[in-house]
Q: 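Encoded as structure tokens, here's the structure I'll be asking about.
First the proteins, then the strands, lettered A, B, ... as listed; each starts at 1.
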Amino acid sequence: MPEISPEIAVASLTPEQAAAELAALAEAIARHDRLYHQQDRPEISDAGYDALVRRNAAIEARFPELRRPDSPSSRVGAAPAAGFAKLRHAVPMLSLGNAFSEMEVGEFVARVRRFLNLGEGDPLDFVAEPKIDGLSCSLRYQAGWLVLAATRGDGAEGEDVTANVRTIAEIPQRLPAGAPEVLEVRGEVYMLRDDFLEMNRRRAEAGEAVYANPRNSAAGSLRQLDPKVTATRPLRFFGYAWGEVSAPLATTQWLARQRLAEFGFRLNEPARLCASADQLAAYYAEIGGRRSDLRFDIDGVVYKVDSLELQRRLGFVSRAPRWAIAHKFSAEQARTRLERITIQVGRTGALTPVAELAPVTVGGVVVSRATLHNEDEIQRKDIREGDTVVVQRAGDVIPQVVEVILGERPDGSLRFVFPDHCPECGSLAVREPGEVVRRCTGGLICPAQAKERLRHFVSRDAFDIEGLGEKIIAAFWDDGVVRTPAEIFRLAERDRASLTPLRAREGWGEKSARNLFEAIEKRRAMPLERFIYALGIRQIGQATAKLLARSYLTLAAWRAAMAEAADRDGQAYRDLTNIDQIGPAVAEDLLAFFSEPHNLAVLEDLAREIEVQDFVPLQAQASPVAGKTVVFTGTLETMSRGEAKARAEALGAKVAGSVSARTDFVVIGADAGSKAAKAQALGVTTLTEAQWLQLIGV
DNA sequence: TCCCCTCGAGTTCA
DNA sequence: CTCGAGGGGA
């Protein structure tokens, strides 16, 4: 049995004794943390606790190689991280659908009942809980130890904040016996309002910038590069969901919550089990009434189907579960004067009206601009320059103009006339019939569009060149330093010969210039899908770019196919439109891009500067369906069509929408229609769902 | 032909 | 985050 023996001098410990004592200390400190922070039942004095922490630190200093991965000292004073590494979630972290009215909640309940085929009398329970305004986080425990913590990020990939999360006292470093071998606990990192105010007070005293609200404060505190700083912030955590688990937690959401509590997590309270839409509405009203009494900020409540079995049956739509919904409180609003309406020109030439507002605080943030979306929106709300308007932040983020206070409209104000010429290049701006946006026809001659295209090219999801932001791109373009993507890659070379090198520019130095050149060099090799996306072809976003990369595999093959597809009656065109999700409209935009000589020249030039890497399907080599074209038809039993498609693509297959002689497999579900017949007529291999699953090894 | 869903393109502020 | 439009299943 390992012992904590403070009486033995650290210097005289053997390595074996030290290791045993470190293990005992880790356990003891974790236990006292739990007692103190979660159960408010400390068993030792603060001084006694400090002695344990100091003893641990002393032993670690003497035997650094024995430092444990779960060392209590990593909670405080861990070395600063150099930025945050990306971390892929084992199970994606989803977002929630929103309801803003009782009616929408009623529809949600009805939708769930319909989906599950429930009759009038069949019971259906929901868990209702407050929706904390914090920052979602996923905590991964293995063999009971906290091993990883990640922010939500885009849902698929977040940031590794393990070191910072270890400093949050309320989060158990270790789970009690009986917890699953693998458990990802999901919840919200947040700050109590009182703690937030106190912290701001002290920051103000120290002359430091204060945070706008508890949410920003929690986010800012968790994303500190130095965990020591995070450790000084009063962060807390509520657990309310889970990701990967090696064993089911419970049979219902309600009981799963109790399990989380047993593991030492604080739960978001007050929660309630509700049996009907009426009870949900009552809960909503009650929480809404008590909102200001709660010790933390909430932006609504969440309803979840209680039965985990029913949750499984309901499944997901896109990135949100069908079995849960957030019922939001109405957003905080503010009145301000709309000074002017300006027009911005986007990469595709779209003219977007933006409201320039007299700065006003909404939801703790000063807002001075808000999008007006488009021409129709302005007409619909009859928004005029000089009006007093009501502003709110949609989803508490993006500012929007809700309405005009007509009573305060100044005399002699005029309806806003949307320009029919581009404010940047003067070209005609036209609105295609049936479309809402008005677009500048300047195309290649419009400097605003050119800059936006360049900005898109270097943006995060495209070439991601660090140090080449919006401002710098615009300045480079204006001065003629960089006008095309390829010129970015010739920048360093040209700079050496230049009479006015970068380092001589205002705001630039030797070091910043070198850093930029290095960042550019790092991007000379680029995966095909990113390359296609970076080109900024209309309607070709990330998803479609990846689809094209998967279908054509190499830059050469893609370019050749696009050239050939100019013949709308040819095979190449049929292949293109036969890619699932690519129809005639998308095909036309692609072909329009390739029929423009300027674009071909830019592409050619760029291809000389960089290496475009062939598309690499995941697990491609091993799978018998890699490189094959598959068509799904009819209703699949074991998974949704979207899931089947994702599975097939993950194995390197291409999923097509219709059957042709080039199709390798047609997977036939229940009630299949003409596609099955066509497959037979063409002699294409058909598979039942079971055969398909066997083929891909499920 | 009509929905439903997904995707793209636009947006703000710290 | 929101809106509009394209794609495709029903």
Side-chain angles (χ1 to χ4, degrees), chain A residues 95-98 100 111 154 209-213 215-221 223 299 316-320 322 326 328 331 342-357 359-377 380 391-401 431-432 434-439 449 452-453 455-456 459 461 470 533 536-547 577-589 631-636 640-642 645-646 655-658 669 671-675:
Chain A
S95 51
L96 284 178
N98 288 322
F100 291 94
R111 199 159 58 233
D154 61 4
V210 297
Y211 283 101
N213 52 49
R215 193 245 302 258
N216 283 0
S217 176
S221 299
R223 298 191 69 265
D299 56 354
F316 304 89
V317 185
S318 170
R319 282 180 287 270
R322 259 197 212 92
K328 295 287 197 66
T342 53
I343 304 287
Q344 290 190 352
V345 184
R347 150 172 82 83
T348 63
L351 303 191
T352 307
V354 176
E356 308 282 349
L357 307 165
V360 63
T361 303
V362 194
V365 170
V366 178
V367 168
S368 57
R369 294 159 64 87
T371 176
L372 294 173
H373 297 300
N374 55 56
E375 197 170 347
D376 289 359
E377 171 90 358
R380 205 162 34 233
V391 180
Q392 71 179 21
R393 299 204 301 151
D396 277 337
V397 180
I398 314 280
Q400 58 183 201
V401 173
R431 201 172 148 176
E432 297 293 336
E435 289 211 342
V436 175
V437 289
R438 189 175 280 274
R439 286 197 157 85
Q449 285 188 50
E452 287 297 309
R453 277 196 299 270
R455 181 160 80 103
H456 172 80
S459 67
D461 296 327
E470 188 175 351
Y533 172 71
I537 303 169
R538 183 104 69 92
Q539 298 210 77
I540 310 299
Q542 266 179 296
T544 314
K546 195 164 182 186
L547 206 58
T577 51
N578 196 35
I579 297 173
D580 199 15
Q581 301 305 321
I582 294 192
V586 173
E588 281 316 310
D589 280 330
V631 173
F632 293 98
T633 181
T635 314
L636 302 178
S640 73
R641 182 175 285 259
K645 194 179 150 192
V655 178
S658 60
D671 303 322
S674 61
K675 286 183 200 170

Q: For A:Gln344, report the nucleic acid contact type (base, sugar-phosphate, nothing); a contact means any heavy atom under 4.0 Å.
A: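 Sugar-phosphate, backbone atoms only, no base.
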
Q: Tell me every residue that passes salt bridge (Lys or Arg N to Asp or Glu O under 4.0 Å) with A:Glu377, counting only those two or more places apart in sequence or in another chain.
A: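 If we apply the salt bridge (Lys or Arg N to Asp or Glu O under 4.0 Å) test to A:Glu377, skipping adjacent residues, the hits are A:Arg380, A:Lys381.
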
Q: Does A:Val354 reach a base, just sugar-phosphate, or nothing at all? Heavy atoms under 4.0 Å.
A: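 The answer is sugar-phosphate, as A:Val354 gets under 4.0 Å only of primed atoms, P, OP1 or OP2.
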
Q: Only distances under 3.5 Å count here; give the side-chain donor-acceptor pairs of residues 342-354 of chain A to other protein atoms, sequence neighbours excluded, each with its distance to 0.1 Å.
A:
residue, atom, partner, partner atom, Å
A:Thr342, OG1, A:Glu356, OE2, 2.8
A:Arg347, NH1, A:Gly536, O, 3.1

Q: Establish, with yes or no, whether the OP1 or OP2 oxygen of B:dA9 is under 4.0 angstrom from a side-chain nitrogen or oxygen of A:Thr352.
A: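 For B:dA9, OP1/OP2 do not have a side-chain N/O of A:Thr352 under 4.0 Å.
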
Q: Rounded to whole Å, how long is the line connecting atom CD1 of A:Ile343 with atom P of B:dG10?
A: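 Whole-Å distance recorded here is 14 Å.
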
Q: With A:Thr577, which residues qualify under side-chain contact (heavy atoms from CB on, under 4.5 Å), at least two apart?
A: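 A:Tyr573, A:Ala587.
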
Q: What's the CD1-C1' distance between A:Ile540 and B:dG10, to the nearest Å?
A: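 Atom-to-atom, A:Ile540 to B:dG10, this comes out as 17 Å.
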
Q: Using a cut-off of less than 4.0 Å, is there contact between a side-chain N or O of A:Arg347 and OP1 or OP2 of B:dA9?
A: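 Yes, because at least one side-chain N or O of A:Arg347 sits under 4.0 Å from OP1 or OP2 of B:dA9.
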
Q: Which whole-number value in Å describes the distance from A:Ile537 CD1 to B:dA9 C1'?
A: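 After rounding, the reported distance stands at 15 Å.
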
Q: Expressed as a whole number of angstroms, how long is the span from A:Glu435:CD to C:dG6:P?
A: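 The distance from CD of A:Glu435 to P of C:dG6 comes to 6 Å, rounded to the nearest Å.
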
Q: Of the listed nucleotides (C:dG4, B:dT12, B:dC7), which one gets closest to any side-chain atom of A:Arg369?
A: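 Ranking C:dG4, B:dT12, B:dC7 by closest atom to the A:Arg369 side chain puts B:dT12 first.
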
Q: Could you give the CZ-to-C1' distance, from A:Arg438 to C:dG4, as a whole number of Å?
A: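 Going from CZ in A:Arg438 over to C1' in C:dG4 covers 17 Å.
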
Q: Listed by chain and number, what are the side-chain contact (heavy atoms from CB on, under 4.5 Å) partners of A:Val437, not counting sequence neighbours?
A: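 Only A:Glu435, A:Arg439 meet the side-chain contact (heavy atoms from CB on, under 4.5 Å) criterion with A:Val437.
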
Q: Expressed as a whole number of angstroms, how long is the span from A:Glu377:CD to B:dG10:P?
A: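 About 17 Å, once rounded to whole Å.
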
Q: Who are the side-chain contact (heavy atoms from CB on, under 4.5 Å) partners of A:Arg438, not counting sequence neighbours?
A: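 side-chain contact (heavy atoms from CB on, under 4.5 Å) list for A:Arg438, sorted by chain: A:Glu375, A:Phe418, A:Asp420, A:Ala429, A:Arg431.
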
Q: Contact list please: residues 580-587 of chain A against DNA chain C, heavy atoms, distance less than 4.0 Å, in numerical order.
A: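 Result for residues 580-587 of chain A: A:Asp580, A:Gln581, A:Ile582, A:Gly583, A:Pro584, A:Ala585, A:Val586, sorted by number.
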
Q: Once you round it to whole Å, what is the distance between C1' of B:dA14 and OH of A:Tyr211?
A: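 Going from A:Tyr211 (OH) to B:dA14 (C1'), I get 10 Å.
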
Q: A:Asn216 has an atom CG; how far is it from atom P of B:dT12, in whole Å?
A: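 It works out to 17 Å between those atoms.
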
Q: Is the phosphate of B:dG8, meaning OP1 or OP2, less than 4.0 Å from a side-chain N or O of A:Thr544?
A: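 Answer yes for this pair, as a side-chain N or O of A:Thr544 is under 4.0 Å from OP1 or OP2.
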
Q: Nearest to the side chain of A:Ser368, which nucleotide is it out of B:dA9, B:dC13, C:dG4?
A: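 Nearest listed nucleotide: B:dC13.
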
Q: Would you say A:Arg453 and A:Gln449 make side-chain contact, with heavy atoms under 4.5 Å?
A: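 Yes; the side chains approach each other to less than 4.5 Å.
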
Q: Do A:Leu357 and A:Val367 come within less than 4.5 Å of each other through their side chains, counting heavy atoms only?
A: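 With C-beta onward as the side chain, the pair touches.
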
